[in-house]
Engineer: 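Quick one: this structure, given as structure tokens, is what I'll be asking you about.
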Amino acid sequence: MKALRNYIDKIKPQFEKGGKLEKFHSTFDAFETFLYVPKTVTFRGSHIRDTLDMKRTMIVVVIALIPALLFGMWNVGFQHFISLGETAGFWDQFWYGFLKVLPLIIVSYVVGLGIEFIFAQIRGHEVNEGYLVTGFLIPLIVPPDIPLWMLALSVVFAVIIGKEVFGGTGMNILNPALTARAFLFFAYPAEMSGDKVWIAEKADAFSGATPLGHLLVGDVDKLPSFSDMFYGFIPGSVGETSTLAILIGAIFLIATGIGSWRIMISTVAGGLVMGWIFNLFAINDYMAMPAYYHLVIGGFAFGAVFMATDPVTASQTGMGKYIYGFLIGVLAVIIRVANPAYPEGMMLAILLMNVFAPLIDHYIIQSNIKRRLKRVKIKAA
Amino acid sequence: MSEVHRIRRGLDIKLTGEPEKKVTAISTDKFALKPPDFMGVFPKTFVKEGDLVKAGTPVFFHKYRDNIIFTSPVSGKVTEIHRGAKRKMLEIRIDSDGKMEYESFGKGDPKSMSREQILEKLLKSGVWAYFRQRPYSIIADPENTPKAIFISAFDSAPLAPDYDFIVENDVQAFQIGLDALTMLTSGKVHLNVREGQTKSRAFLEARGVQINRFAGPHPVGNVGVQIHHVDPINKGDIIWYLNPQAVIIIGKLFREGIYDASRIISVCGSEIKNPQYFKVITGTSILPLVKDNTNSANVRYISGNVLTGTKIDKVGYLGFYDQQLTVIPEGDYHEFLGWAMPRFNKFSYSKTFFSWLNPSKKYALDTNMNGAHRAFVLTGQYEKVLPMDIYPMQLLKAIMVKDIDLMEQLGIYEVDEEDFALCEFVDASKTEMQSIVREGLDLMLKEMS
């Protein structure tokens, strides 16, 4: 360890201002601070600081995503062999999925972090850790068979248009991972929808429709069992299928305090309430489907736990978080059930509420301001 | 008695190095008045280097309010007027002659004096310097009549001194000080005590004041939080506030007719060998307190507590408003993969480390920043440690963009730096919040005057 530290200290001057590798300062700094917590000390304000920093925050989210990732890897293989009508052992299934998913993760990180490093250098900033999470989320919300160049393109779009143009992590309006997903959805609809894409190297004869695919055409009776959908033995995007794995992540996020339980709970509540309302006025089988089915179908759970809770793009006030989450749940179900053009409503619901989150906060803040003004009036009266 | 104000939001950071409850009187020979301690004051001196002064002799005054004068805490000789960049006056150093002669300001019973007489005595003796006002947390203006005066009889900050213990021998002076204060406000003097912990009769049996009871974690002892819950500041309101030891100094001024600037401070922190209380005089050099009393050489000397104090040198002087000297290790070391490690010896308010499993453990925290500055990302963290009906992040952003109207609407009059100290501590983005709040207050002060 000592040797590594010495080596870093030795090469450091080259990356400082005036050194010959000055252009790579941000990159160097990112790696140095990755390896070592910097020795910076406080100089004004509080002399002691909490141990939590942005790196820790982001790594906690990444850890929360690991159950969904591992399950997703296995499920990719599982679905593949089912579609071929073959039987394969657990490790064969996992290995197949692992080889499918790993390239997605590598492409996502290499492309995304590359852009982040360049922007950090241009701005003279340190590299932000936000992409550690975004880059992990993107592979989990795409179909397993997506061409890698398409994924790369969506990452470029998401990082530059979704985030960097606004000033980088902390300044963006839309969730970058969902921006990537939306880009793919609208730019390459053929590869992102229909029945063909959700199972890797599927045999043509096999249907392969996702639960949402069945629902879109009104085949409610073809839905897999609730427990299959809850455990995640269904086709779909890599990380979204297993509600159970996502639930484990959710518990971890809530326990560590990094994910907002307000948003998660209210999103689920919104979905259930809207589902019940459809039940009351049901005129077709989809509307009559039990409301809680919505929670385990498609990307609802994944979106509620990992996407809606992105603190930068969500509502920032306590009360605002309830409203924001609730409306996401409501909208997601409305879009699913009432709009035949989009089988999955979660992505659009979250993106839409991302845009409205500042407005919600605005009214919450205004009520705080009014409370303060009222205090004066009561006194004056 | 009134109901208890129970505060739920906040955080007690438990540190090692609590002071032992014993007082040692220590005579030091070097002192300094530090004009930067007095917010809102533009100093102009009365004295030159080499002048002889007594305790209570004017040393400098406020250029724009020349009846606010600052007097020497000891008798001796002015040795140096230390200036920094742009000739800014940083320290006026005074060497004690060891005789402790006092200027006489005449005794008097505040109950039989008029407001003007009391004010005059406070101003002439320089004791006025202990009065500060909200909003802005600057030195109080004697032209104003505040709607209330607040005294927090307990300090909830990490390793804070115990005022019950400090006022033990000055109960009478404290009451005389309170008698004087009640004459200065159009409203009440609020004496805020900690439910279940404040036991001293100096506080619980104080007369002529309203005693408010508070319970909860730090920052419950901050006067800003107490004002917010008892009598919040609206635009145009002025509240004065003082430390209990300042009240004792006022009491002694009326009882004995002198400016007796002695106070009891705690010398504490994980790097102090024998943490305990010392009886010293305002503005004392800290060298005699820490010499051969620290565990290592690479330490930080903080005048005040770890959250809001000021970094000073080993040969530096205690701040005018500070009641404790805290010494903690410097954190200038690299930690391999620290952000990924369990770090059992580090404290975090969040549950991403393991400190929450052992809530009673005490820590020896150092000054490492534990990360680097980032944009605001996490939300809802600051609210948990700021027990006020204020949106901290929104207020900070309003200050950063210098939006005066918004700052006012979001409640800048109700806060000062120390109220944001815990927000700054827990912040994962490592934002310098106390500096931002000070900038905002300075800006408001400039715009409003």
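All chains are named by letter (A, B, ...) in the order of the sequence lines, taking the proteins before the strands, and each is independently numbered beginning at 1.
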Engineer: Under a 4.5 Å heavy-atom cut-off, does chain A meet the side chain of B/Ile390, its backbone, both or neither?
Structural biologist: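 Both backbone and side chain.
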Engineer: Non-hydrogen atoms of chain A under 4.5 Å away: do they reach the side chain of B/Ile302, the backbone, both or neither?
Structural biologist: side chain
Engineer: Given side-chain hydrogen bond (donor to acceptor under 3.5 Å, both in side chains), test B/Tyr391 with B/Glu383 step by step and report yes or no.
Structural biologist: CA-CA 7 Å; B/Tyr391 283 103; B/Glu383 285 87 345; over 6 Å; no
Engineer: Under 4.5 Å from any heavy atom of chain A, what part of B/Met393 do you find: side chain, backbone, both or neither?
Structural biologist: side chain
Engineer: Heavy-atom cut-off 4.5 Å, strictly under: side chain, backbone, both or neither for B/Ser429 against chain A?
Structural biologist: both
Engineer: Using modelled atom types and a 3.5 Å cut-off, is there a donor and acceptor pairing between side-chain atoms of B/Glu424 and backbone atoms of A/Ser46?
Structural biologist: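 Pair found, side chain donor or acceptor close to backbone of A/Ser46.
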Engineer: Side chain, backbone, both or neither: which part of B/Ile233 has an atom under 4.5 Å from a heavy atom of chain A?
Structural biologist: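 The backbone, not the side chain.
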Engineer: Given 3.5 Å as the limit, does a donor-acceptor pair link the side chain of B/Arg300 with the main chain of B/Thr367, or not?
Structural biologist: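 Looks like no, no N/O pair under 3.5 Å.
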Engineer: Using a 4.5 Å heavy-atom cutoff, which residues in residues 246-259 of chain A come close to chain B?
Structural biologist: A/Ala255, A/Thr256, A/Gly257, A/Ile258
Engineer: Is B/Thr310 close to chain A through its backbone or its side chain, or both, or neither, when contacts mean heavy atoms under 4.5 Å?
Structural biologist: backbone
Engineer: Output the residues of residues 159-170 of chain A for which the shortest heavy-atom distance to chain B is under 4.5 Å, in residue-number order; output 'none' if no such residue exists.
Structural biologist: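 Counting heavy atoms that sit under 4.5 Å from chain B, the residues of residues 159-170 of chain A involved are A/Thr169, A/Gly170.
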Engineer: Does any pair with a residue in residues 248-258 of chain A pass salt bridge (Lys or Arg N to Asp or Glu O under 4.0 Å), and if so which ones, sequence neighbours excluded?
Structural biologist: none
Engineer: Taking atom types as modelled, is there a side-chain donor on B/Asn298 or B/Asp332 under 3.5 Å from an acceptor on the other?
Structural biologist: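 Yes, B/Asp332 and B/Asn298 have a side-chain donor paired with an acceptor closer than 3.5 Å.
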Engineer: Does any heavy atom of chain A fall under 4.5 Å from the side chain of B/Gln409, the backbone, both, or neither of them?
Structural biologist: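 Both backbone and side chain of B/Gln409 come within 4.5 Å of chain A.
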Engineer: Could you tell me which portion of B/Phe425 (side chain, backbone, both or neither) has an atom closer than 4.5 angstrom to a non-hydrogen atom of chain A?
Structural biologist: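 For B/Phe425, heavy atoms of backbone and side chain both lie under 4.5 Å from chain A.
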Engineer: Taking side chain as everything from C-beta outward and backbone as N, CA, C, O, which of these in B/Asp366 sits under 4.5 Å from a heavy atom of chain A? Side chain, backbone, both or neither.
Structural biologist: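 Only the backbone of B/Asp366 comes within 4.5 Å of chain A.
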Engineer: Quick check on the structure: residues of residues 309-324 of chain A within a heavy-atom distance below 4.5 Å of chain B, by number.
Structural biologist: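 A/Pro311, A/Val312, A/Ser315, A/Gln316, A/Thr317, A/Lys321 fall under the 4.5 Å cut-off.
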